[in-house]
Amino acid sequence: MKKYDFKSIEEKWQKKWDEAGSYNVTERADKPKFYCLEMLPYPSGHLHMGHTRNYSIGDAICRFKRMHGYNVLHPIGFDSFGLPAENAALENNSNPKEWTFKNIDTMRGQFRRLGVSYDWNREVITCKPEYYKWNQWFFLKMLEKGIAYRKKGSLNWCDKCNTVLANEQVENGFCWRHNDTPVIQKELVQWYFRYSDFAEELLQGIDTLEEWPERVVTMQRNWIGKSTGSTVKFKIKGSDKNLAIFTTRIDTIFGVTFMTLAPDHPMIDELVTDNTKLAEIKKFANKVREQNAKKAYDEELEKEGMPTGITAINPFDGTEIPVWVGNFVLMDYGTGAVMAVPGHDQRDYEFAVKYGLDIKTVIVPAKGGTQSEEGKAYTEKGVLVNSGQFDGLSSYDAIDAMNKFAEQKGFGGASVDYKLKDWCLSRQRFWGTPIPVIYCDDCGTVPVPEKDLPVLLPDVNISRQEGNPLASIKEFVETACPKCGKKAKRETDTMDTFIDSSWYQLRYCDAKISEAMINRDAVNYWSPVDLYVGGIEHAVGHLMYFRWFYRRLRDLGLLDGDEPVKRLMTQGMVIKDGAKMSKSKGNVVDPNDMINKYGADTTRLFSLFASPPEKDLEWNEAGVEGLYRFAHRVWNTISAHLDIIKDAQMPDAKTELTEAEQQIRRKTHQTIKKVTSDVEERMHFNTAIAAIMELLNEVSGFDSGKNPNAGPVLREALLNMVMMLAIFAPHISEELFSMITGEEFVIDRKWPEWDDKIAAENKLTIVIQINGKLRSQIEINVGEDKDTVLKMARNDEKASSYFEGFEIVKEIYVPNKLVNFVIKQK
RNA sequence: GCCCAGGUGGCGGAACUGGUAGACGCGCUGGACUUAGGAUCCAGUGCCUUUGGCGUGGAGGUUCGAGUCCUCUCCUGGGCACCA
């Protein structure tokens, strides 16, 4: 008997798959398509166990679908722009490209060793000009449509990254890459995409994402943060200007006693006439900015503010109210101004108490409602009082009535607001896609003409210095204005790498096309992605950009459809020592060691068996031996029976089988059924693998010497076992399959089918309960009628011993499951 | 504070629409084989005061019957956070 030598087996089949081009696919009409995608990896140089889990999940599904007759696209590439490469290059005065491509080579090797079924012909590497050219092209299109624009704003800044960060790259107030570096706010002029203009579209689209996990959908909804309310314009006394506020509680507007502006509200400059006052406000604004930068992420600052000297007029009742600035009013939400109703808003209440401003009650609890506590604003909805013509209305009715009123009078009305902000895409870094724009003293901001794309990133060594290395490369910066031909300067900011990962899946459909961003026909064939597998940490960042981009490409006429992903599988994180496994935390476990020791098949089985994929997984290597043993047992069991199963026929209905033989067949068919549904419906690979282990245990207990049809029934059991195992542990399965059948490529076989008749049990254990407590069990034949079962149960020796001195008041029979006698003392 | 998940043996985890709690694996205990084993095989393994009792974070409830449904509560993880 041959020993299970995983090393030679794995190398052998990897080579065979390569030579046969087993995983290379083309668009073909004769098969249904299935596009399975795993999130684009960053080429850090090493896979870690989180990756292994990710790819094992995706690969199992690919192989499963393939065996179900699908034309499966399973591509891979590298998210190869970004900071680690740049930082490594700065360290050694080298070219980030070298570091990147070296790492890509290493990782290709690791993927190969894992035996993942990728079509390498479609590899996409985002730092190559043929890819990032189209980032630039897309940017120009957005510029044309007015979706890309430049503005000055307050931005998240990480001192270690030396660049701005998007909101999604800020975690608990710290940089996502440097969790020891607090993010500060900086005023900068940057490029943006009008992301928030599409908030409603993105929100509505969520309803169509039926096969996305609920938690992701909820996170996206919260991130978009829609709130319905009203906008009301307040006139300014002694000016023809007015101040707009956003509120969700227009019903409290008769309770307004002052107004609060964000300290950096742009109207302050226009409306404050007193220069000393203005200077004071500016000072205050600076102080607030500093405080916000310093404060802990979840710390709430004490409310502070100052009067501006402006007086506003409440359009509902003509009351004159003072306008203040306050440190708690955010400029980038709503209009940056709030109407203050200290009677019915806790923040306004605190502010009013501190500065001795009026507090007015305009809402009282509806009948049966509870009054608020002492020292707190009453923030519940209720019934209006002191509100003129609106008195007596419920808050709900008042909101409608007042919105209408404001609309009629032309000073406001119903409106919606979103928390979602525009997408800042500028990064002050070298290793990224250059933004294709030129600044000319005469012509202003000039887009690079399409024919001049790509704007190439200089292929040079870089070194530590102040600011972005790109800005100091003369040959790059100095150029001619495309319009007037005079000397001009290039934009030196590069694009956020989230751009790269927002459309890569479409490039896989035709990775070689050079005349367009994507191949429309190929994209329409493969898209949308049928299954997207990746980490939960991308729930709002990447996955929202991904959706936004798809819709913009649709608007450009490059593809049909609205959503890029049909079914999303978010795997839990791999945790070690209480932290997510990542290079920056220094707690990565490289799968190489495991592959060396146990082989790729065992490593894959282990990462799937440990827990269901959506759960976080605390790293613990202890169980791996069990899967290694399992692989050996499969090997040894099949080897031991090889002689009798090799030439046997599959069992047929005519042959009389022994009880033990029937049992093997039953278990075989039950296993096929369970594995199929566990994989297809829930992707619970742990229970699917457990079921295969059970089948193996059943076969181990079977004595082939005593059963005349051992050959056929074992062939059925073991061949099907190998075929099911092929989606989890492809190498050993190929080898065993060829040993049994003499043929190659189990991956091209049809997935096993089960027969419910064979899977059905013929004897059943019925549980006997007395008053709901388990007391005994009896065995019955399938299909036994109720009366017979109840009679058997009553006569059961153990059960009947409970009846003495009691009477049976009720008998419950759950078919094929249990009998419950409800008894009472006589 | 608000919104999501989730609490089951020593451990990872099973349990479909309420119906034998603990599948499968790890670990542990005992045995067999062996010069030896951290290899392999066999048996056992929720807890206890063991003709029985108790057990799915805790307290109630619904039900013939609850890990599963309802109410309250505690804990853990994640997301958002002065969002007007």
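Every chain is numbered from 1, with letters handed out A, B, ... down the list of sequences. Below, each value reflects all heavy atoms present in this structure, side chains not excepted, and no hydrogens, waters or symmetry copies.
Closest approach to the Val767(A) side chain among rC64(B), rU20(B), rC3(B) is made by rU20(B) (side chain taken as heavy atoms from C-beta onward). Counting only heavy atoms from C-beta on, Tyr333(A) has its side chain closest to rC83(B) among rC26(B), rC83(B), rA14(B). Relative to the side chain of Asn620(A), the nucleotides rC11(B), rC24(B), rA84(B) differ in distance, and rC11(B) lies closest. Here the nucleotide nearest the side chain of Phe328(A), chosen from rC82(B), rG25(B), rC64(B), is rC82(B). For Ala610(A), counting side-chain heavy atoms from C-beta on, the closest listed nucleotide (rG12(B), rA23(B), rA14(B)) is rG12(B).
Rounded to whole angstrom, the span from the CG atom of Leu617(A) across to the C1' atom of rC26(B) amounts to 14 Å. Taking atom CD1 on Ile536(A) and atom P on rG78(B), their separation rounds to 12 Å, with Å as the unit. Taking atom CG of residue Leu420(A) and atom P of nucleotide rC83(B), one finds them 18 Å apart after rounding to whole Å. If you take CD1 of Ile766(A) and P of rG65(B), they are 20 Å apart, rounded to a whole angstrom. For the pair Tyr813(A) OH and rG19(B) P, the computed distance is 16 Å after rounding to whole Å. Computed from coordinates, the Ile812(A) CD1 to rU63(B) P distance equals 13 Å when rounded to whole Å. To the nearest angstrom, C1' of rG78(B) lies 16 Å from CD of Gln220(A). For the pair Glu621(A) CD and rG38(B) P, the computed distance is 20 Å after rounding to whole Å.
Taking the C1' atom of each, rA39(B) and rC33(B) are spaced 11 Å apart, rounded to whole Å. Using C1' as the reference atom, rG6(B) and rU68(B) are 15 Å apart when rounded to the nearest Å. Straight-line distance between the C1' atoms of rG55(B) and rC47(B): roughly 7 Å, to the nearest whole Å. When the P atom is used for both rC82(B) and rA14(B), the distance is 37 Å, rounded to whole Å. When the C1' atom is used for both rC11(B) and rG22(B), the distance is 13 Å, rounded to whole Å. Look at the C1' atom in both rG65(B) and rA21(B): the space between them is 14 Å, to the nearest Å. Taking atom C1' in both rG9(B) and rC26(B), the straight-line distance is 13 Å, to the nearest Å.
Mapping Thr687(A) and Asp332(A) onto RNA chain B by nearest heavy atom places Thr687(A) closer to the 5' end of the strand. Taking the nucleotide of RNA chain B with the nearest heavy atom to each of Gln769(A) and Trp223(A), the more 5' of the two is matched to Gln769(A).
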Nucleotide by nucleotide, nucleotides 40-54 of chain B touches protein heavy atoms under 4.0 Å in the pattern (B base, S sugar-phosphate only, - none) SS----------SSS

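Heavy atoms from other residues, nucleotides or ligands lying under 6.0 Å from CD of Glu797(A) number 12 at most. Counting non-hydrogen atoms of neighbouring residues, nucleotides and ligands closer than 6.0 angstrom, the CD atom of Glu210(A) reaches no more than 12 such neighbours.
The side chain of Asn222(A) places no N or O atom within less than 4.0 Å of a non-bridging phosphate oxygen (OP1 or OP2) of rC4(B).
For the residue pair Asn720(A) and Thr668(A), no side-chain donor N or O sits within less than 3.5 Å of a side-chain acceptor on the partner. Tyr378(A) and Thr252(A) share no side-chain donor-acceptor pair at under 3.5 Å.
Across every strand in view, rG18(B) sits unpaired, with no contact that passes the Watson-Crick or G-U test at under 3.5 angstrom. With a cut-off of 3.5 Å on both pairing distances, the Watson-Crick or G-U wobble partner of rG1(B) is rC80(B). Under the Watson-Crick or G-U wobble criterion, with both distances below 3.5 Å, rU40(B) is paired with rA32(B). Using the Watson-Crick or G-U wobble rule with both distances under 3.5 Å, rU45(B) pairs with rG27(B). Look at rC69(B): its Watson-Crick or wobble partner, with both distances under 3.5 angstrom, is rG61(B).
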Discussion item. Please evaluate residues Val574(A) and Arg53(A) with respect to the criterion side-chain contact (heavy atoms from CB on, under 4.5 Å), reporting the C-alpha separation (whole Å), side-chain torsions for both, the decisive distance (0.1 Å), and the verdict.
Written reply: CA-CA 9 Å; Val574(A) 179; Arg53(A) 197 175 180 213; 4.1 Å; yes

Between Glu304(A) and Lys354(A), is the salt bridge (Lys or Arg N to Asp or Glu O under 4.0 Å) condition met? List the steps.
CA-CA 8 Å; Glu304(A) 258 187 279; Lys354(A) 180 163 179 179; 5.2 Å; no

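The backbone N or O of Val323(A) lies less than 3.5 Å from a partner atom in the side chain of Thr308(A), making a donor-acceptor pair. Here the side chain of Asn771(A) pairs a donor or acceptor atom with the backbone of Ile823(A) at under 3.5 angstrom. Remark: side-chain polar atoms of Asn156(A) are paired, donor with acceptor, to backbone N or O of Leu165(A) under 3.5 angstrom. With hydrogens and angles disregarded, a donor-acceptor distance shorter than 3.5 Å links the side chain of Asn314(A) to the backbone of Ile253(A).
Residues of residues 334-348 of chain A having a heavy atom closer than 4.0 Å to RNA chain B, listed by number: Val338(A), Arg347(A).
Judged by distance alone, with hydrogens and angles left aside, Lys419(A) brings no side-chain donor or acceptor close enough to the base of rC80(B) to form a pair under 3.5 Å.
Ring-centre distance between Phe821(A) and Tyr802(A): not below the 6.0 Å cut-off.
In rG65(B) the base sits anti relative to the sugar, since the glycosidic angle is further than 90° from 0.
Glu537(A) is linked by a side chain to side chain donor-acceptor pair (under 3.5 Å) to nothing, counting only residues two or more places apart in sequence or in another chain.
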